[in-house]
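Below, read A as the first sequence line, B as the second, and so on, with proteins coming before strands; counting in each chain starts at 1.
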Amino acid sequence: MEFSTFVRMSFSAKLIGWYLDHGRELPWRQTQDPYVIWLSEIILQQTRVEQGMPYFQSFVTTLPTIEDFAKAEEDVILRLWQGLGYYSRARNMHKAAKMVMSAFEGSFPTRYEDVIQLPGVGPYTASAISSFSSNEARAVVDGNVYRVLARVFGIDTDTNSSAGKKIFQQLADELIDQKEPGLYNQAIMDFGALICKPKQPLCPTCIFEDTCVAKATNQIDTLPKKIKSRKSRNRYFHYFILRKGNEIMLSKRAEGDIWANLHEFPLIETDEPADAEQIRLHPSFVAHFGDAHPQPISTPIKQVLSHQNIFAQFYQMPENLEVRSKKSSWFYTFSENLDTLAMHKLIFSFLSRDHIAK
DNA sequence: AACACGGGGTC
DNA sequence: GACCCAGTGTT
């Protein structure tokens, strides 16, 4: 097409034109089934496409319908989710699936006002589901959209302030293609992911290079702006490996903290680093294990989370140790069950390093 | 408005 | 180490 024509094309027309030529082919784009789209969108919250892809495949295969999802045990959902992080997404999905069965008679909603009622579905996800499944004109605003709009239009408002959220949503609502909202939403996100990347964006091939404010004013590296989050705290986890015959002691974490409802080993947490001798004398350790000697296994593992640094030390406990008092969350299970129980990364990566023989 | 909530990739 | 990722829920 003529260059002068292209310059005069609308923002959305340029984007859709670019997308039809250069967009990615992703499995969840082959369907309009709101259930399948919902699966993909929840999985992709704060998660890269490449990381979410195998999880999407296993969810679709294992739980092909919303009814399958609603009827599954939460532990099954969490096991499928194992390793993806932000596990409240999985727990909320289970609640949402049950809500679809009861409040929507098993038919997954497609309207924005309906889907946003579901737990785990906010403005972004409701816009995505409604625009992709029924072409409702709701503009998605995700990390990609913040970046593209902030740069092209030179907006320096913090994207995570309430003012910023409002401004970017309003602009997105004005820019969305009213005829092809679903296509437009896919297009702007792909464009942000492939061209207008966070680092080293591909400005020379960008369809907005001639009009991009950030490019013209040398702000590519400073936009979008964002309020910085606070730094992490340190936590020290001491895990105890207790075995009795073919069984091993596990614990299920409670709600209200990281890794809610996931399995791990019996744990003592300290605010400061502690060595084996300090742990042996810890009141809680004595209450549970008496005068037993915990044997440290290798060196501590550091696990970095968004707001926490976890330092985990694993201890081998004497074989067939009789535990004095057992927390209600503790239980013995056969080692082969480790394949089916949902655990967090610290635990399954420890297990996979062959420290535990099955 | 500020913070919690995972795990992995990039520079 | 800092920042980001197809964000949402709670306080």
What is the distance, to the nearest angstrom, from the [atom1] atom on [X] to the [atom2] atom on [N]?
X: A:W38; N: C:dT8; atom1: CH2; atom2: P; value: 14 Å
X: A:N160; N: C:dC5; atom1: CG; atom2: C1'; value: 14 Å
X: A:K95; N: C:dT8; atom1: NZ; atom2: C1'; value: 12 Å
X: A:K228; N: C:dC3; atom1: NZ; atom2: C1'; value: 9 Å
X: A:L194; N: C:dA6; atom1: CG; atom2: C1'; value: 12 Å

Side chains of [X] and [Y]: closer than 4.5 Å at any heavy-atom pair?
X: A:L149; Y: A:F11; answer: yes
X: A:L80; Y: A:L63; answer: yes
X: A:K327; Y: A:H288; answer: yes

Practice task
Go through the steps for A:E264 and A:Y239 under the test side-chain hydrogen bond (donor to acceptor under 3.5 Å, both in side chains), then give the verdict.
Solution key: CA-CA 8 Å; A:E264 58 184 10; A:Y239 286 115; 2.7 Å; yes

Problem - Test: A:E113 and A:R111 ion pair at under 4.0 Å - result: no

Exercise for the section: Look at A:E25 together with A:R29 and state whether they make a salt bridge at an N to O cut-off of under 4.0 Å. Expected result: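 No, this pair does not count.
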
[atom1] spacing across the pair [N] / [M], given as an integer number of angstrom:
N: B:dG9; M: C:dT8; atom1: C1'; answer: 22 Å
N: C:dA6; M: B:dC11; atom1: P; answer: 14 Å
N: B:dG6; M: C:dC3; atom1: C1'; answer: 16 Å
N: B:dC5; M: C:dC5; atom1: C1'; answer: 14 Å

Grab the N/O contacts between the protein and nucleotides 9-11 of chain C below 3.5 Å, and write none if there aren't any.
residue: C:dG9; atom: OP1; partner: A:G120; partner atom: N; Å: 2.4

If I take atom [atom1] from residue [X] and atom [atom2] from residue [Y], how far apart are they, to the nearest 0.5 angstrom?
X: A:I248; Y: A:L351; atom1: CD1; atom2: CG; result: 7.0 Å
X: A:R235; Y: A:L305; atom1: CZ; atom2: CG; result: 9.0 Å
X: A:I16; Y: A:E180; atom1: CD1; atom2: CD; result: 6.0 Å

For [X], which contact category applies under a 4.0 Å heavy-atom criterion: base, sugar-phosphate, or nothing?
X: A:W81; result: nothing
X: A:I37; result: nothing
X: A:T125; result: sugar-phosphate

Exercise for the section: Classify the angle between the aromatic ring planes of A:F59 and A:W81 as parallel (below 30°), tilted (30 to 60°) or perpendicular (above 60°). Expected result: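 It falls in the perpendicular class, over 60°.
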
Exercise for the section: Let me have a per-nucleotide readout for nucleotides 4-11 of chain B, 5' to 3', with B, S or -, counting only protein heavy atoms under 4.0 Å. Expected result: BBBBBB--

Exercise for the section: Go through the steps to decide whether A:F240 and A:Y315 satisfy the test ring-ring contact (aromatic ring centres under 6.0 Å, His included), and finish with yes or no. Expected result: CA-CA 5 Å; A:F240 306 104; A:Y315 300 89; 5.4 Å; yes

Practice task
Could you identify which residues of residues 138-151 of chain A place a heavy atom less than 4.0 Å from some atom of DNA chain C, listed by residue number, or say none?
Solution key: A:D142, A:G143, A:N144, A:R147

